[in-house]
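What follows is a single structure, written as structure tokens, with notes after it.
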Amino acid sequence: MVGAGAAGLMAGITAGRAGRPAVILDGARVLGAKILVSGGGRCNVTHDVVDERAYAGSTPAAIRRVLRQFGVEQTVAFFSELGVELKREETGKLFPVTDRADTVLEALLRAAREAGCDVRPRHRVTAIEATGRGFRLSGAFGEIEARTLVLATGGRSLPKSGSDGAGFEFARGLGHTVTPRLLPALVGLTLERESPLRGLSGIATPVRLELRAGSGRRLHALDGSVLCTHFGVSGPAAMDISRYWQQAHLDDPGARFEVAWLPEERPESLDVALRELGGSTPLAFLDARLPSRLARVLCEAAGVDPSTRGHVLSREQRRALVRAVLEYPLPVTGTRGWNAAEATAGGIPLAEVHLGTMESRVAPGLFLCGEVLDVDGRIGGYNFQWAWSSGHVAGLGVAAARNLEGASAVQEA
């Protein structure tokens, strides 16, 4: 197995428990870097409700089939068996009760060893080739022959963790295709330097983000929290929609964002509220519902003196305020890139694997799981659930492979 991240360790544990222990190679000095940094160092193991609607990439039906073979209930039970109890937070995210990511990683590594796996850090694979009897893996460590191989190398997000895209090249060399576009997903969005939002660093608030084509047609919308930062915007809503902006922008440079800072309002209801301000001011009205600094920025964006009394607001001023609050233009210039991304949009299509085993349709004996596949989920534990689900299915697939001969199936040349 190549890759000792979440998917690779799950595949190894599953195969080992089924009587087919594996050698797991990883180039990192310290294993599980993505696990350790996820969830602010707490590791968002999964979400309480997970289905195919939380993912993009390959078809929903294909994603659903894999998820149903090892879902949230099985994930919770699996970690409980490892001594890692999970707690549900208000958002639906599940974290270890210790609030420590190393609790998760240590349990996985211990389980892998107990399942008979030989986990080898500092064993970076640099080449893989198919042989008549399986695969030959090469690196500074020498060569290893394997009758079956699990590719769990990750995508391209957080390349310092080891997922630098090498897995895609390995897969191409073995006959697979990779989606034409590989994009950083779950990543913050950068804004024009002149955007006043960059001066609101630290402010977080619930919004509705709408992605529109240059023609104005709505392409994608979602509700969630946005965090203003020194570079632009981050937070769940911005990170979730980042993949869609990149896809749209590549096809239509005029694609743009609009922000509804009061997502529960509609233009008509907000106009009525502004008409009924009386002696109060727009700033006071917005200040009661939004962070103060943001309220002032919105008044400025509308060109309305924030101290203007409601009863003297003109119709045009009300309209300008409504547009600023519900159709605020978000001048996105790009993303923070691969070094800040938490996932990869794109990868090997699920159409190229047998969904009941995760075995390759083009290279028999090769199994694929995790981020190397064309599946990326929203923020909130969904990508880890994909790793557990696909890794478990791949592990069972390896164990059931006819020509696998236990630990002897992987030997140093």
Side-chain angles (χ1 to χ4, degrees), residues 3-18 24 31-55 60 62-115 117 119 150 152 154 186 236 240 342-343 355-358 369-371 373 375-399:
L9 288 173
M10 175 59 88
I13 293 166
T14 303
R17 288 180 172 182
I24 307 178
L31 298 176
K34 282 190 177 179
I35 294 174
L36 293 175
V37 302
S38 69
R42 297 193 298 145
C43 188
N44 182 186
V45 174
T46 186
H47 199 277
D48 66 340
V49 177
V50 177
D51 61 34
E52 67 278 7
R53 292 172 295 181
Y55 298 86
I63 296 170
R64 178 172 64 248
R65 183 172 175 189
V66 176
L67 291 173
R68 286 184 174 179
Q69 294 177 73
F70 192 82
V72 174
E73 185 176 347
Q74 293 97 321
T75 297
V76 173
F78 169 78
F79 279 100
S80 178
E81 178 191 351
L82 300 189
V84 180
E85 298 298 331
L86 303 179
K87 61 177 180 178
R88 180 190 183 279
E89 299 196 342
E90 186 177 349
T91 58
K93 298 176 181 180
L94 300 185
F95 289 89
V97 295
T98 61
D99 280 328
R100 293 178 52 183
D102 57 2
T103 301
V104 175
L105 178 58
E106 289 168 5
L108 289 169
L109 291 172
R110 183 171 60 250
R113 291 192 296 269
E114 291 173 353
C117 295
V119 183
V150 175
L186 298 186
D240 281 342
E342 295 186 14
L355 300 177
T357 62
M358 307 310 289
C369 57
E371 193 180 345
L373 293 162
V375 179
D376 58 290
R378 299 201 312 262
I379 199 166
Y382 298 101
N383 288 296
F384 270 132
Q385 184 58 53
W386 174 252
W388 314 133
S389 298
S390 60
H392 176 81
V393 176
L396 290 180
V398 167

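Keep in mind that the numbers below use all heavy atoms, side chains included, and drop hydrogens, waters and symmetry copies. Throughout, residue positions are numbered sequentially from 1 according to the sequence presented.
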Partners meeting side chain to side chain donor-acceptor pair (under 3.5 Å) with [X] (sequence neighbours left out):
{"X": "Arg110", "value": "none"}
{"X": "Arg53", "value": "Asp51"}
{"X": "Ser389", "value": "Gln385"}
{"X": "Thr98", "value": "Thr103"}

For [X] against [Y], the heavy-atom pair lying closest together:
{"X": "Val393", "Y": "Gly356", "result": "CG1-O, 3.5 Å"}
{"X": "Gly381", "Y": "Asn44", "result": "N-OD1, 2.9 Å"}
{"X": "Tyr382", "Y": "Gly377", "result": "CB-CA, 4.2 Å"}
{"X": "Ala11", "Y": "Cys369", "result": "CB-SG, 4.4 Å"}
{"X": "Ala4", "Y": "Ile24", "result": "CB-CG2, 3.8 Å"}

Do Val84 and Val97 pass the side chain to side chain contact (heavy atoms under 4.5 Å, CB included) test, and can you show the C-alpha distance, the side-chain angles, and the key distance before you say yes or no? CA-CA 8 Å; Val84 180; Val97 295; over 6 Å; no

Side chain to side chain donor-acceptor pair (under 3.5 Å): which pairs involve residues 32-41, sequence neighbours left out?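 Those involving residues 32-41 are Lys34-Ser157, Lys34-Ser163, Lys34-Glu371.
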
Could you list the residues that satisfy ring-ring contact (aromatic ring centres under 6.0 Å, His included) with Tyr55, not counting sequence neighbours?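 Partners of Tyr55 by the ring-ring contact (aromatic ring centres under 6.0 Å, His included) criterion come out as none, since no residue qualifies.
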
Under the ring-ring contact (aromatic ring centres under 6.0 Å, His included) rule, collect the residues that match up with Phe384, sequence neighbours excluded. Trp388

For the atom pair [atom1] ([X]) and [atom2] ([Y]), what is the distance rounded to the nearest 0.5 Å?
{"X": "Cys117", "Y": "Leu109", "atom1": "SG", "atom2": "CG", "value": "10.5 Å"}
{"X": "Phe95", "Y": "Arg88", "atom1": "CZ", "atom2": "CZ", "value": "12.0 Å"}
{"X": "Leu94", "Y": "Thr75", "atom1": "CG", "atom2": "OG1", "value": "9.5 Å"}
{"X": "Leu86", "Y": "Asp48", "atom1": "CG", "atom2": "CG", "value": "11.5 Å"}

Inspect the contact between Lys87 and Asp99 and indicate whether a charged nitrogen and a carboxylate oxygen are less than 4.0 angstrom apart.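 Salt bridge between Asp99 and Lys87, a charged N being under 4.0 Å from a carboxylate O: yes.
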
Ion pair check, Arg42 and Glu89, cut-off under 4.0 Å: yes

Do Leu108 and Ile35 pass the side chain to side chain contact (heavy atoms under 4.5 Å, CB included) test, and can you show the C-alpha distance, the side-chain angles, and the key distance before you say yes or no? CA-CA 10 Å; Leu108 289 169; Ile35 294 174; 3.9 Å; yes

Decide side chain to side chain contact (heavy atoms under 4.5 Å, CB included) for Leu31 and Leu9; before the verdict, give the C-alpha distance in whole Å, the side-chain angles of both, and the deciding distance to 0.1 Å. CA-CA 10 Å; Leu31 298 176; Leu9 288 173; 5.9 Å; no

Going by the rule salt bridge (charged side-chain N to carboxylate O under 4.0 Å, His left out), which residues pair with Asp102 if we only count those two or more places apart in sequence or in a different chain? Arg100

With sequence neighbours left out, write down each residue that passes salt bridge (charged side-chain N to carboxylate O under 4.0 Å, His left out) with Glu106, or none if nothing qualifies.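 Applying salt bridge (charged side-chain N to carboxylate O under 4.0 Å, His left out) to Glu106 gives none.
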
What residues, two or more places apart in sequence or in another chain, satisfy side-chain contact (heavy atoms from CB on, under 4.5 Å) together with Ser80?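 For Ser80 the side-chain contact (heavy atoms from CB on, under 4.5 Å) partners, ignoring immediate neighbours, are Glu85.
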
I'd like to check the side-chain contact (heavy atoms from CB on, under 4.5 Å) partners of Ala111; sequence neighbours left out, ordered by chain and number. Ile13, Arg17, Leu82

Between the side chain of His47 and the main-chain N/O of Thr91, is any donor-acceptor distance below 3.5 Å? yes

Main chain of Leu186, side chain of Asp240: is a donor-acceptor contact present, judged purely on distance under 3.5 Å?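 Not at all, since once roles are kept as given, no pair shorter than 3.5 Å links the two residues.
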
Sequence neighbours excluded and cut-off under 3.5 Å, please list the side-chain donor-acceptor pairs for residues 63-73, or say none.
residue : atom : partner : partner atom : Å
Arg64   : NH1  : Glu52   : OE2          : 3.0
Gln69   : NE2  : Arg65   : O            : 3.1
Gln69   : NE2  : Leu355  : O            : 2.9

Do Trp386 and Val50 pass the side chain to side chain contact (heavy atoms under 4.5 Å, CB included) test, and can you show the C-alpha distance, the side-chain angles, and the key distance before you say yes or no? CA-CA 9 Å; Trp386 174 252; Val50 177; over 6 Å; no

